[in-house]
Number of protein chains: 2
Amino acid sequence: MQDIRPAGTARERVLDAALALFAEHGVNGTSLQMIADRLGVTKAAVYHQFPTKDEIVQAVINPALDRLDQIADEAEARRGRGAQVRAVLAGVVGLVVEHRRLSAVFSFDPSVARLIRREPAVRSVERINRLLTGPDPDDATRVAVAMVSGGLIVAGIDPDLIRLDDDALREHLVNTALRTLGVRR
Amino acid sequence: MQDIRPAGTARERVLDAALALFAEHGVNGTSLQMIADRLGVTKAAVYHQFPTKDEIVQAVINPALDRLDQIADEAEARRGRGAQVRAVLAGVVGLVVEHRRLSAVFSFDPSVARLIRREPAVRSVERINRLLTGPDPDDATRVAVAMVSGGLIVAGIDPDLIRLDDDALREHLVNTALRTLGVRR
DNA sequence: GTCTATAAGAAGATAGAC
DNA sequence: GTCTATCTTCTTATAGAC
């Protein structure tokens, strides 16, 4: 996840390099050669860690998907819609801020979308969405939730916001999201 | 912009096919072969209309960028921040709803971003942003505007929202954006 | 875990006929 | 405006040595 060659197993180094390159060039714009070059090894060395490029993509996005499930688990354990919404927002904002410029370009990547469409991955996203809308939401609520989800993901890459430190960005994002959703702070 | 082979000049047919494919597969995931296949012609026929793939991308996004400038022009002609914000939102929401599922995947495409980074294209986006934040905005405002911009773009592809008709979606988006920005309706 | 070497195909792009 | 044919480069992926 960092720019300078990080320590860790060879597998982890591949994932770190891939994540950075995917975020900048997109999955389709990132070749195995680029990943290998960034690590100072050959393509074959990368293929030793992962049988296909798709499996690299999968391994890169899996931790984020797992986090979404954890967030949903914790939120569902809360009592009351306000508390659940707050728990989801805290979790998602934490995830987004942690990744900053990575999340947005990546979230809308067609190749990532392709992998997420099948699998329980969709379920994780739907759970989060459902926790924010509540049961049987009206159209205005659906729109507000969609804007919050999208807005949070995109906020990390906004050039106007990169100078904000993580704590400040987290607080503003949560407050703005609550206002958008019409939940009292 | 439609799925069935549209009429028009050969150039327009190329742009229509390219837009649809770019939105689904991303720019990098769309080859000239795919564009040609969709039109039932060869790659060479496509190259007769555009010297490079980049110029196709450019031609596809230019109308949207022009619209942003028009929107900024009209908004700047208004008196008072509330009126300017409302004018920008009406314009941007109109643009987004008009394109629906196209805008989001496309807006965050690394190849599109590369083309937009240079050129007066950045200026158009910055003008819109500036009209929404107002002069010398605080951090909370910057975050709110970033979330609105991102949220609006993403809203078009949300599966929860596709069944909404254009009029309803437009109204909800404007209202939600105004609430997020803390502007009275 | 990493290497060299290579296959097999698709990419962007060009030349020139019709 | 569209075609066939071709070039070059890059792609994912494999085989097998160290």
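Numbered from 1 within each chain, the chains take letters A, B, ... in sequence-line order. This one's a predicted model, so the numbers in the text were calculated from it and none came from an experiment.
Contacts of B:Ser31 with the nucleic acid, taken as non-hydrogen atoms under 4.0 Å apart, involve only primed sugar atoms and P, OP1 or OP2.
If you measure from atom OH of B:Tyr47 to atom C1' of D:dA5, you get 15 Å, rounded to the nearest angstrom. Rounded to whole angstrom, the span from the CG atom of B:Leu39 across to the C1' atom of D:dG1 amounts to 13 Å. C:dG12 atom C1' lies 11 Å from atom CD1 of B:Ile56, rounded to whole Å. Whole-Å rounding puts the B:Leu32 CG to D:dT2 P distance at 15 Å. The CD-P distance, from B:Gln33 to D:dT6, rounds to 16 Å in whole Å.
Listed nucleotides D:dT12, D:dT2, C:dA13 differ in distance to B:Gln49; the shortest reach to its side chain belongs to D:dT2. Here the nucleotide nearest the side chain of B:Ala45, chosen from D:dC3, C:dT14, C:dG1, is D:dC3. Checking C:dA13, D:dC3, D:dT12 against every side-chain atom of A:Lys53, the shortest atom distance belongs to D:dT12. Distance from the side chain of A:Ala10 is smallest for C:dT2 among the nucleotides D:dT14, C:dT2, C:dA13. Distances were taken from every side-chain heavy atom of B:Val41 (C-beta onward) to each of C:dA13, D:dC3, D:dT14; the shortest belongs to D:dC3.
One finds no salt bridge joining A:Arg142 and B:Asp158 here, because no Lys/Arg side-chain nitrogen approaches an Asp/Glu carboxylate oxygen to under 4.0 Å. Using a cut-off of 4.0 Å between Lys/Arg side-chain N and Asp/Glu carboxylate O, A:Arg170 and A:Asp167 are scored as salt-bridged. Looking at A:Asp166 and A:Arg100, a side-chain N of the basic residue comes within less than 4.0 Å of a carboxylate O on the acidic one, giving a salt bridge.
At C:dT2, one or more side-chain N or O atoms of A:Arg13 fall inside 4.0 Å of OP1 or OP2 (strictly under the cut-off). In this structure, A:Thr42 reaches the C:dC3 phosphate: one of its side-chain N or O atoms is under 4.0 Å from OP1 or OP2.
Toward the 5' end of DNA chain D, the nearer of the two residues A:Thr30 and A:Ala44, judged by each one's closest nucleotide, is A:Thr30. Residues A:Lys43 and A:His48 each lie close to DNA chain C; by heavy-atom proximity, the contact nearer the 5' end of the strand is made by A:His48.
When only modelled atom types and interatomic distance are considered, B:Asp37 and B:Gln33 share a side-chain donor-acceptor pair under 3.5 Å.
In terms of heavy-atom proximity, B:Val154 sits nearest to A:Val154 at CG2-CG2, 4.2 Å.
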